[in-house]
Novice: 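A single structure is presented below for examination.
Chain A is the first sequence line, chain B the second, and so forth, proteins listed ahead of strands; every chain is numbered from 1.
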There are 2 protein chains.
Amino acid sequence: MTAADAEPTTVRDPVKLTPLPVPKSSDVLADDLRERILRGDFREGTALPPERELVAQTRMSRTTVREALRILEVQGLVRIKTGRAGGAFVQRPDEKSMANSVSLLIRGRQIRLAALLETREAVEPACARLAAKYRTDADLASLDAANRELARLATDPGTDSLADFLRANVDWHIAVATASHNELLTGFMIALSRAIYTSTDNREFVDADVRAATVRAHRSITRAIQDRDGDAAVRRMARHMHSYAEAVVKIEERMAIEVPAD
Amino acid sequence: MTAADAEPTTVRDPVKLTPLPVPKSSDVLADDLRERILRGDFREGTALPPERELVAQTRMSRTTVREALRILEVQGLVRIKTGRAGGAFVQRPDEKSMANSVSLLIRGRQIRLAALLETREAVEPACARLAAKYRTDADLASLDAANRELARLATDPGTDSLADFLRANVDWHIAVATASHNELLTGFMIALSRAIYTSTDNREFVDADVRAATVRAHRSITRAIQDRDGDAAVRRMARHMHSYAEAVVKIEERMAIEVPAD
DNA sequence: CTGGTCCATTGGTCGTACCTAATCTACATC
DNA sequence: GATGTAGATTAGGTACGACCAATGGACCAG
């Protein structure tokens, strides 16, 4: 202090520091492991070291190690099994993990059904084009099976067949997405279809006419995909999506009139 | 046993049981909180009770409570702040959280650039149509600004302008997505654009010609969006995407020849 | 071959203690 | 009164240590 006191005016704080980030240890570990996994350092199915082993290696506490593993688990990069020969097994993220986060966005933002239909109208025709281009015979078989199931549920007026019909409907759409052999679009469509399904579940506008029309449309789109006619697939899918969306909107307006001024 | 023993042949295993789930407590808590958040029980920004308070309420250990909160944090449903007046604050998931998981899928599956371009070619024209329909004046201003910046970087042969050019390119595409006012498509395009950006960074095929063509295409698409001409926007965007993808593929083939037999 | 017992391994949960970060409060200083 | 500063207060972050629970394997009995 003696030398410093000689200075008449002491400058308060000449050095500027932006609030430098103090990362949490668990995040650091998670980031490190994530990077290695994505870089491909481990083959799929490889077991990461046991938690206690990681504790020894990283000199972190088990709490911290476990939080890091939990993060990776939520992100779909690792699957954790209990018991002997258990542990954290490396997994590559799949469409489901992506579909999940899309679903979260949809629910969390309370995205309206109209917006969902609009999105599907935007994406699925393109999906159909790719399906026409890349479909295999197995894809075609799935589509046909979905069509048959749908037709059965459309004609058979069984008890509470609405939910079944809608489920089968979703299956067909997912089959189209799968046939596109594009994992991104597939994941997106899975989330979208599921969300539309749960939004539609409570409405009764899917009457016999709509069902019949749906079956016809699906058949004709399937044929285009079978014939590898991309342009036709796009056109028909676009028509199908558009008329479906229009029907929904019409019903919504009617319901808004019947149940006024909320 | 006596009555059963009368039976001469005992059927081996007539009852089928699926492995019944034994949920982890942290998951149970996370599921419960997630459900409440998504249902809208808390307004955005609301603070969940402090960890120790949750411990008292749920009678779980703090470890468990913390893991549950960590799960929600990773899913983007909650933001955790330290210090006094800190805690877990409810957040609605945004496009970024979705974009993140899409990025994980892309990296984790090592999806090839060709597939990314194919996906963009499928989605972005539809994006452009919606942008033409819903764009506001503010959106238009963003697009114009992005165009100007891009033009500047295309003509000015500054040092290492490639990265800058690509970044500005991404900005424009994101501006288009934003103008569509569709959160799902926006999140999807953000992830896609970022991934394409990082995949393109190392290539030198973005020469002066490609840059000039890009600027021209963007201008004409912007004009269509400005005029609310959806069909033109789709057409031009599709052309743009297609020619870009073609250029990339051509370069890839050339590089494959130059660097043969890996 | 079937079933049972025991053991070793590994994740799951708990409790406690302490550290660190952010904020609030009260008081001192000018 | 405005302002700065020190300490108290409240939160999350980390560390251990102990024990529970699930799983798989080895071994043994029938």
Novice: What is the separation between atom CG on Leu54(B) and atom P on dG13(D), rounded to the nearest whole Å?
Specialist: 13 Å
Novice: List the residues meeting side-chain hydrogen bond (donor to acceptor under 3.5 Å, both in side chains) with Ser61(B), not counting sequence neighbours, and say none if there are none.
Specialist: Thr64(B)
Novice: Tell me, please, which residues at least two apart from Thr82(B) pass side-chain hydrogen bond (donor to acceptor under 3.5 Å, both in side chains).
Specialist: none
Novice: Check each residue of residues 56-77 of chain B for a non-hydrogen atom within less than 4.0 Å of any atom in DNA chain D, then write out the ones that pass by number, or none.
Specialist: Arg62(B), Arg66(B)
Novice: Could you list the donor-acceptor pairs under 3.5 angstrom formed by side chains in residues 93-100 of chain B, with sequence neighbours left out?
Specialist:
| residue | atom | partner | partner atom | Å |
| --- | --- | --- | --- | --- |
| Asp94(B) | OD1 | Ser97(B) | N | 3.3 |
| Ser97(B) | OG | Asp94(B) | O | 2.8 |

Novice: State which residues pass side-chain hydrogen bond (donor to acceptor under 3.5 Å, both in side chains) with Asp144(B); sequence neighbours excluded, sorted by chain then number.
Specialist: none
Novice: Suppose the criterion is salt bridge (Lys or Arg N to Asp or Glu O under 4.0 Å): which pairs have a residue in residues 168-194 of chain A, not counting sequence neighbours?
Specialist: Glu183(A)-Arg109(B)
Novice: Run the side-chain contact (heavy atoms from CB on, under 4.5 Å) test against His181(B) and tell me which residues pass, sequence neighbours left out.
Specialist: Tyr134(B), Thr136(B), Asp139(B)
Novice: Enumerate the residues from residues 80-91 of chain B whose closest heavy atom to DNA chain D is under 4.0 Å, giving them by residue number; use none for an empty result.
Specialist: Ile80(B), Lys81(B), Thr82(B), Gly83(B), Arg84(B), Gly87(B)
Novice: What's the CG-P distance between Leu29(A) and dG13(D), to the nearest Å?
Specialist: 16 Å
Novice: Does Arg167(B) have any salt bridge (charged side-chain N to carboxylate O under 4.0 Å, His left out) partners at least two apart in sequence or in another chain, and if so, which?
Specialist: Asp164(B)
Novice: Restricting to side-chain hydrogen bond (donor to acceptor under 3.5 Å, both in side chains), what partner residues turn up for Asp27(B), sequence neighbours left out?
Specialist: none
Novice: By a strict heavy-atom criterion of less than 4.0 Å, which residues belonging to residues 46-53 of chain A are in contact with DNA chain D?
Specialist: Arg52(A)
Novice: If you measure from the Lys or Arg side-chain nitrogens to the Asp or Glu carboxylate oxygens, is any gap between Glu73(B) and Arg70(B) under 4.0 Å?
Specialist: yes
Novice: Could you give all pairs that pass the salt bridge (Lys or Arg N to Asp or Glu O under 4.0 Å) test and reach residues 38-59 of chain A, with sequence neighbours left out?
Specialist: Arg39(A)-Asp41(A), Glu44(A)-Arg92(A), Glu51(A)-Arg62(A), Glu51(A)-Arg66(A)
